[in-house]
Protein chains: 2
Amino acid sequence: MFIQIEPELDIPIYAQLVSQLIEAIARGNLTGGDSLPSVRSLAADLGMNMHTVNKAYHELERKEIIRIVPKSGAIINSLPQDGISGNHLERISKEIKPIIAEAIVLGMETKDINKLVTTIISTIKGE
Amino acid sequence: MFIQIEPELDIPIYAQLVSQLIEAIARGNLTGGDSLPSVRSLAADLGMNMHTVNKAYHELERKEIIRIVPKSGAIINSLPQDGISGNHLERISKEIKPIIAEAIVLGMETKDINKLVTTIISTIKGE
DNA sequence: CGTTTGTTCTATACTATATAGAACAATTCT
DNA sequence: AGAATTGTTCTATATAGTATAGAACAAACG
């Protein structure tokens, strides 16, 4: 599995797992309709507890990125054909706003930020 | 003061304060060389504890956005004339990457993300 | 000189994170 | 049908993070 967890970071490992799974989907390594590993097997692979993986899965479900079928497994949601929903756009806006403000404070111009974003998108899709 | 804290959110109030102060600087409400209120007076204004404000200030110092002069006060750093530093750029990249990945997973294209970013920059600077 | 400043210390309370193990019932596979 | 696997639920424990409270200190400020 394409997942690297670093317990020594000050980001909780369940949150790291959430981000890594999202990035795996973004880069096309996992796609709509695919199943995620069971919480037990992924926990064993990553050397962490079953409940920690379960927490990460439920966070992904809360974000409407996967759906969890009780006693069966977790499946990645397919994209709606009519683009991002209003709720999702609002959530992304709330998440990204403080970081953009920080970038401005550190001296970045609009064009610098747009360039950085474009570079990061390429990085994600190309990794 | 241009600060709104919402204790019922699941974001720690010290972290909310950090973000709000960064946004106040980004929008030009506070600028390089300006002093921040003392931890005691801002804590009284916001109805929170002195130590919580102190924690937020030290987080801003860790980000190199302010400097704290012991027994004196906190001053907002001025921008270096030669643009954002490598360290800062790397930090912004690490912070923004998981959110961009989430945006991709939710169906946003590169142009959608760049448009959103541009809109948010206008929102921040205009508020 | 008196006030204000950030700092440091002890203390308490609550929440969040992470692990552990067991048991359950539904689903899945053979 | 039977066995294995699944997510769920429960109790328990340990550690770290968040938030408040109050007191005391020495340096800086007016």
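Residue numbering restarts at 1 for every chain, and letters A, B, ... go by the order of the sequence lines.
- The distance from atom OH of A:Tyr57 to atom C1' of D:dG7 is 11 Å, rounded to the nearest whole Å.
- Open room surrounds NZ on A:Lys115; 12 or fewer heavy atoms of other groups in view lie less than 6.0 Å from it.
- When the C1' atom of C:dT28 is taken as reference, atom CD1 of A:Ile75 falls 13 Å away, rounded to whole Å.
- Atoms CG (B:Asn54) and P (D:dA21) sit 16 Å apart, rounded to a whole Å.
- For the pair A:Arg40 CZ and D:dT6 C1', the computed distance is 7 Å after rounding to whole Å.
- Within the 4.0 Å cut-off from OP1 or OP2 of C:dT5, at least one side-chain nitrogen or oxygen of B:Ser38 is found.
- In this entry the distance linking CG of A:Asn49 with P of D:dA12 reads 17 Å, nearest Å.
- In terms of position on DNA chain D, the residue among A:Ser72 and B:Lys71 whose nearest nucleotide sits closer to the 5' end is A:Ser72.
- No donor-acceptor pair under 3.5 Å is formed between the side chain of B:Glu59 and the backbone N or O of B:Val18.
- Between B:Met50 atom CE and C:dT8 atom C1' the separation is 9 Å, expressed in whole Å.
- Ranked by how close their nearest DNA chain D nucleotide is to the 5' end, B:Ile11 and B:Pro70 are led by B:Ile11.
- A:Leu17 places a side-chain heavy atom less than 4.5 Å from the side chain of A:Ile5.
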Close N or O pairs between protein and nucleotides 10-16 of chain C (under 3.5 Å):
none

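- In this structure, B:Ser41 does not reach the C:dT4 phosphate: none of its side-chain N or O atoms is under 4.0 Å from OP1 or OP2.
- Counting to the nearest Å, the C1' atom of D:dG7 and the CG atom of A:Leu42 are 14 Å from each other.
- Looking at B:Ser41 and B:Ser38, their side chains do bring a donor and an acceptor atom within 3.5 Å of each other.
- At distances below 3.5 Å, not a single donor-acceptor pair connects side-chain atoms of A:Ser19 with backbone N or O atoms of A:Gln16.
- Partners of A:Asp112 according to the side-chain hydrogen bond (donor to acceptor under 3.5 Å, both in side chains) rule, which considers only residues two or more places apart in sequence or in another chain, do not exist here.
- Projected onto DNA chain C by closest heavy-atom contact, A:Val69 and A:Pro12 fall at different nucleotides, the more 5' of which corresponds to A:Pro12.
- Rounded to a whole Å, the CD atom of A:Glu59 is 18 Å from the P atom of D:dG7.
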Donor-acceptor contacts, no H, no angles, side chain residues 89-109 of chain B, under 3.5 Å, sequence neighbours left out:
unit_1, atom_1, unit_2, atom_2, d
B:Arg91, NE, A:Glu102, OE2, 3.0
B:Arg91, NH1, B:Lys63, O, 3.3
B:Arg91, NH2, A:Glu102, OE2, 2.7
B:Arg91, NH2, B:Lys63, O, 3.3
B:Ser93, OG, B:Leu89, O, 2.9
B:Glu95, OE2, B:Lys63, NZ, 3.1
B:Lys97, NZ, A:Glu127, OE2, 3.4
B:Glu102, OE1, A:Lys63, NZ, 3.3
B:Glu102, OE2, A:Lys63, NZ, 3.3
B:Glu102, OE2, A:Arg91, NE, 2.9
B:Glu102, OE2, A:Arg91, NH2, 2.6

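- Side chain of B:Ile68, nearest nucleotide from C:dA18, D:dG7, C:dT7: C:dT7.
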